[in-house]
Visitor: 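I have a structure here, written as structure tokens, and I will follow up with some questions on it.
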Protein chains: 2
Amino acid sequence: MNIGKAAKLSNLTVKTVRYYANIGLVKPEQNISSGYREYTDEEVAKLKFIGKARKFDFSIDECKELLSLYEDKNRTSKEVKKITLEKISQIDSKLNDLKDLRNELSFLASNCHGDDKPNCPILDELSKN
Amino acid sequence: MNIGKAAKLSNLTVKTVRYYANIGLVKPEQNISSGYREYTDEEVAKLKFIGKARKFDFSIDECKELLSLYEDKNRTSKEVKKITLEKISQIDSKLNDLKDLRNELSFLASNCHGDDKPNCPILDELSKN
DNA sequence: CCTTTACTCTACCCTTAGGGGAAGGTGTAT
DNA sequence: ATACACCTTCCCCTAAGGGTAGAGTAAAGG
């Protein structure tokens, strides 16, 4: 099938599917006369796989890793779990940063009257020495 | 003072300070004969202000807004608070997304034995139709 | 057979907020 | 005069594609 159908079936944009071909993540045959990429069902399955992994916030490089484990029937579940736990720990670290940030900002906001006067503790904090 | 000193005083890199001059965020005079940018104490204060705002996760555009409010002695604290509350709400939304993500990943990981066998519920989920 | 329409191709620039480095000019101390 | 630190502009790089231009291709309708 052509790229448009592959994109539709995998719920990705044509641009994204083409990008994945360009970086070698999925390697469709290319019709010599027309130049059109030709996708098989198996490649569509890989596209779906990547799409899901991306939604789980895995980077393209991590998707590449996961995909090669997916294709390797001699993989160990240990390898997959390791990548997943690393991702979870990245998320935890980002969560902590964001929580701290939220607390600080919300503290600042709660101290600001939010009225028509120019006096503002938020700006004071930002311009504090 | 030259850019190196301004960078040191504001705890930013020279590259960053030059970038802020290029996008017109801080506008130092430029010595005609040498071409060197010349920073005043006031401009260093603005750089510090921007540096702090960036740490609070405000984008460059938001920093530009905050900076113009900082300079406008007729501003209202309402305006500043509005920007801050919007930022908090962005953060909240990101926090919720990340929490959901973490739950899903951690559910997947907990179902994975993480042993030497190829069978893996994480890959199963990613390749589920 | 011809035209329209839909689809596809490559190639280029754009996004954030700078980082890295080259090539070359400036300032100052020795 | 030379060494060294500092400064300049210019260009390419990041992640993951989005947008658009210009051109070729496929399939359907007349």
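Numbered from 1 within each chain, the chains take letters A, B, ... in sequence-line order.
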Visitor: Through what angle, rounded to 10 degrees, does the axis of the helix from C:dC1-D:dG30 to C:dT30-D:dA1 turn between its ends, using five pairs per end?
Guide: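 One end axis against the other gives 30°.
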Visitor: List in chain and number order the residues that pass side-chain contact (heavy atoms from CB on, under 4.5 Å) with A:Pro28, two or more places apart in sequence or in another chain; answer none if no residue qualifies.
Guide: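 Checked A:Pro28 against side-chain contact (heavy atoms from CB on, under 4.5 Å); matches are A:Ala21, A:Val26, A:Arg37, A:Tyr39, A:Glu43.
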Visitor: Could you list all the salt bridge (Lys or Arg N to Asp or Glu O under 4.0 Å) pairs where at least one residue sits in residues 89-108 of chain B, not counting sequence neighbours?
Guide: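 Found A:Asp92-B:Arg102, A:Arg102-B:Asp92.
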Visitor: Could you list the residues that satisfy side-chain hydrogen bond (donor to acceptor under 3.5 Å, both in side chains) with A:Ser59, not counting sequence neighbours?
Guide: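 Partners of A:Ser59 by the side-chain hydrogen bond (donor to acceptor under 3.5 Å, both in side chains) criterion, ordered by chain and then number, come out as A:Glu62.
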Visitor: Please list all pairs passing the side chain to side chain donor-acceptor pair (under 3.5 Å) test where one or both residues lie in residues 105-115 of chain A, with sequence neighbours left out.
Guide: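 Applying side chain to side chain donor-acceptor pair (under 3.5 Å) to every pair that reaches into residues 105-115 of chain A, excluding sequence neighbours, yields A:Asp115-B:Ser77.
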Visitor: Please write out the pairs of protein N or O atoms and N or O atoms of nucleotides 11-13 of chain C separated by less than 3.5 Å, giving the distance to one decimal.
Guide:
{"residue": "C:dA11", "atom": "N6", "partner": "A:Lys15", "partner atom": "NZ", "Å": "3.4"}

Visitor: Which residues pass the ring pair (Phe, Tyr, Trp, His ring centres under 6.0 Å) test with B:Phe58, sequence neighbours left out?
Guide: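 Result, ring pair (Phe, Tyr, Trp, His ring centres under 6.0 Å) vs B:Phe58: none returned.
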Visitor: Can you tabulate the close N/O pairs, meaning under 3.5 Å, that link protein atoms to atoms of nucleotides 23-27 of chain D?
Guide:
{"residue": "D:dG24", "atom": "N2", "partner": "A:Tyr36", "partner atom": "OH", "Å": "2.7"}
{"residue": "D:dT25", "atom": "O4'", "partner": "A:Tyr36", "partner atom": "OH", "Å": "3.4"}
{"residue": "D:dT25", "atom": "O2", "partner": "A:Tyr36", "partner atom": "OH", "Å": "3.4"}

Visitor: Could you pull out all residues at least two apart from A:Lys8 that satisfy salt bridge (Lys or Arg N to Asp or Glu O under 4.0 Å)?
Guide: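 Not a single residue meets the salt bridge (Lys or Arg N to Asp or Glu O under 4.0 Å) criterion with A:Lys8.
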Visitor: Using a strict heavy-atom distance below 4.0 Å, which residues from residues 43-60 of chain B are in contact with DNA chain C?
Guide: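 DNA chain C contact set from residues 43-60 of chain B: B:Arg54, B:Ser59, B:Ile60.
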Visitor: Does any pair with a residue in residues 63-110 of chain A pass ring-ring contact (aromatic ring centres under 6.0 Å, His included), and if so which ones, sequence neighbours excluded?
Guide: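 Those involving residues 63-110 of chain A are A:Phe49-A:Tyr70.
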Visitor: Among all residues two or more places apart in sequence or in another chain, which pass the salt bridge (Lys or Arg N to Asp or Glu O under 4.0 Å) test with B:Lys128?
Guide: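 For B:Lys128 the salt bridge (Lys or Arg N to Asp or Glu O under 4.0 Å) partners, ignoring immediate neighbours, are B:Glu125.
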